Amino acid sequence: MSLKIFNTRTRKKETFVPVKEGAVGMYVCGITAYDVCHVGHARAAVVFDVVFRHLKTRGYTVTYVKNFTDIDDKIIDRANKEGVGIGEIASRYIKLHDEDMASLNVLTPTVTPRATDHMADMIALIKTLEEKGIAYSVEGDVFFAVDRFPAYGGLSGRHLDEMMAGARVDVNDKKRNPLDFVLWKKSKEGEPFWESPWGNGRPGWHIECSAMSRRYLGETFDIHGGGEDLIFPHHENEIAQSQAATGKPPANYWVHNGFVKINAEKMSKSLGNIFPIREIVKQYHPEVLRLFMLQSHYRSPVDYSEASLTEARTALIRCYTALQQMKETRAMIAEPGKEKPTAGETQYTNKLDELKSKFDAALDDDFNTAQALGYVFDAARLVNQITMAEKKMPMPAKQVILATAADVFMHFGNGLGVFQSDPDVFFQVDRDVEVRKRGLKAADIEAQIEERQKAREEKDWTRADDIRQALALQKVTLKDSKGRTTWSIE
RNA sequence: GGCGGCAUAGCCAAGUGGCUAAGGCAGCGGUCUGCAAAACCGUUAUUCUCCGGUUCAAAUCCGGAUGCCGCCUCCA
């Protein structure tokens, strides 16, 4: 089974063939560090995290580069507003970004370069373009001449003349063509600047990625990713810059993730519907957000809402319930596994192995996490059957099967970046979050449970049920098992 | 105006030419339980927005209609 990736450039699923056998170079556009990351950033991060994880699962040595834009108008604005330097703003939001990513089980990329550390690379690249007559400078600004690059528009499927008709382009007298874009921007009074052959200024946004990807991954690498909004102009311009300079396309596969909408509306500052990651994870266990996004294909839009997060939470609880059952059942079994599995056992282990293969095949097919999750839920059901329903199964046999199941779930979890928590810890965190969200007091709840327990021991079922009903009104659900009562929030 | 995408059950969502149209949530019936919860079993789309066409065969390909969405301006 070979890996297939949908390539934005060709708009087709293609069989993945890396430039260098066994290795993959991947570049993903990271954030501009001027504010906290929101749910949209979370999606892009999770999507490419899954790509990163799956490529590793498939045995590739992956060099994953995700940059930070730490010089930009928005950063300067913010720095001016707060009266601090741009370095302080960038460092602050990069730190918060890293925390948010860690909370979502997003693996740290191999290299996380900052634009301001690569000024020399950018200036050199612009110089090359200027020498080739593709870039031109006007009074300290340097522009890329789009009509000098015939392939311009190849990624986004646009033609220069058609774009002119749309005419929503930047008005700038210095440009020869309104679609020309800035490579180097002359600094205004009081703005941070770097020295260059064109005078003091700062790099344009697009050139950063061309310079950094080339620095770490070479002239042509395998995968370039980002949000779908970056297709035009950002990635189009990156291709133009890199290819005009080197004569080679910078990347072979262009991968773009779909957007997160909020209650069917576009997320935007004006609508006031921006959800920071750090706010969401106060309301839901971080893996809930992750599972929510993984349930849809990465190229489809997803609609963020309370209801969909709640659904994802219930689904995640389903998985963790199976994992907890598995853990407890295995802990009960002292005997070591039998050496020769019987036919009854191989029936289960074969099924588990099959689900594992199907899971990998789903991810091989353009990272189809939704389909892969289908197999995860099938496996969860199977685990529940083994731990609960198959009571007659001899313990050593269960031991063998559940060991296999544990391995399979470990594989699922590593591939998708979920199930990274111990089940007991997961339920504790989930309950803490819910209790806080609803303004409940754990101690009060536990006192009532204790009172109910006494009633139950006296077989005063009416009293016990009254207490349970009172708790149910507060969305507290009780679960009576041997010797103890546990509780959770509905 | 240009470019592109989407439309599958009550809701979310896979599936892109041929086995019974995944899975999750919600619902209903049952098993288990003092009763519950969870879990398990069964059940919920003769059909994939509509109309034509291609084909032995279409949710899947082609044409058209309708509706929704994104990009073209900073944006994951």
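It should be emphasised that the depicted structure is a prediction, and the values quoted were computed from it without experimental measurement. Chain letters run A, B, ... following the sequence lines, proteins first and then strands; every chain starts at 1.
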Over how many whole Å does the gap from [X] atom [atom1] to [N] atom [atom2] extend?
X	N	atom1	atom2	result
A:Asp460	B:G34	CG	C1'	12 Å
A:Gln469	B:A37	CD	P	12 Å
A:Arg299	B:C71	CZ	P	18 Å
A:Asp430	B:A38	CG	P	14 Å

When rounded to the nearest Å, what value does the distance between [atom1] atoms of [N] and [M] take?
N	M	atom1	value
B:G17	B:A9	C1'	23 Å
B:C41	B:G18	C1'	31 Å
B:A37	B:U33	C1'	9 Å
B:U20	B:A59	P	13 Å
B:U43	B:G4	P	45 Å
B:U60	B:A7	C1'	14 Å
B:A57	B:G30	C1'	40 Å

With a non-hydrogen cut-off below 4.0 angstrom, is [X] in contact with a base, only sugar-phosphate, or nothing?
X	result
A:Arg313	nothing
A:Gly153	nothing
A:His38	base
A:Ser300	sugar-phosphate

Side-chain atoms of A:Phe232 come closest, of B:C72, B:A76, B:A39, to B:C72
If you only use heavy atoms from C-beta on, which nucleotide in B:A76, B:C35, B:A39 is closest to the side chain of A:Asn257?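 The nucleotide sitting nearest to the side chain is B:A76.
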If one requires at least 3 consecutive Watson-Crick or G-U pairs with distances under 3.5 Å, the stems of RNA chain B turn out to be B:1-7 with B:66-72, B:10-12 with B:23-25, B:27-31 with B:39-43, B:49-53 with B:61-65
Any idea which heavy atoms bring A:Ser210 and A:Glu238 closest together, and the distance?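 Closest approach of A:Ser210 to A:Glu238, heavy atoms only: OG-O, 3.3 Å.
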Considering all heavy atoms of both residues, which atom of A:Ile386 and which atom of A:Leu402 are nearest to each other, and what is their separation?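 The pair with the smallest heavy-atom distance is CG2-CD2, 3.9 Å.
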Does the side chain of [X] get closer than 4.0 angstrom to OP1 or OP2 of [N] through an N or O atom?
X	N	result
A:Asn384	B:C40	yes
A:Gln324	B:A39	no
A:Ser308	B:A13	no

Taking the six-membered ring for Trp, are A:Phe427 and A:Tyr320 parallel (under 30°), tilted (30 to 60°) or perpendicular (over 60°)? perpendicular
Going by the angle between their ring planes, with limits at 30° and 60°, are A:His54 and A:Phe367 parallel, tilted or perpendicular? perpendicular
Is it true that [X] and [Y] have ring centroids separated by less than 6.0 Å?
X	Y	answer
A:Tyr375	A:Phe359	no
A:His256	A:His235	yes
A:Tyr34	A:Tyr93	no
A:Tyr253	A:His224	no
A:Tyr152	A:Phe149	no

For nucleotides 21-27 of chain B, read 5' to 3', which letter fits each nucleotide if B means a protein heavy atom sits under 4.0 Å from the base, S means only the sugar-phosphate is that close, and - means neither? -BSBS--
All N/O contacts under 3.5 Å from nucleotides 66-70 of chain B to the protein, with atom names and distances to one decimal?
none

Would the base of B:G34 count as contacting A:Asp465 through its side chain, where contact means a donor and an acceptor less than 3.5 Å apart? yes
Regarding B:G4, can its base be found pairing with the side chain of A:Arg11 as donor and acceptor, where the two atoms are less than 3.5 Å apart? no
Within 45° cone of [Y] ring axis and under 6.0 Å: [X] NZ or CZ:
X	Y	answer
A:Arg176	A:Phe143	no
A:Arg299	A:Phe6	yes
A:Arg202	A:Trp184	no

Verify the distance criterion only: is there a donor paired with an acceptor across the side chains of A:Ser421 and A:Glu287 at less than 3.5 Å? no
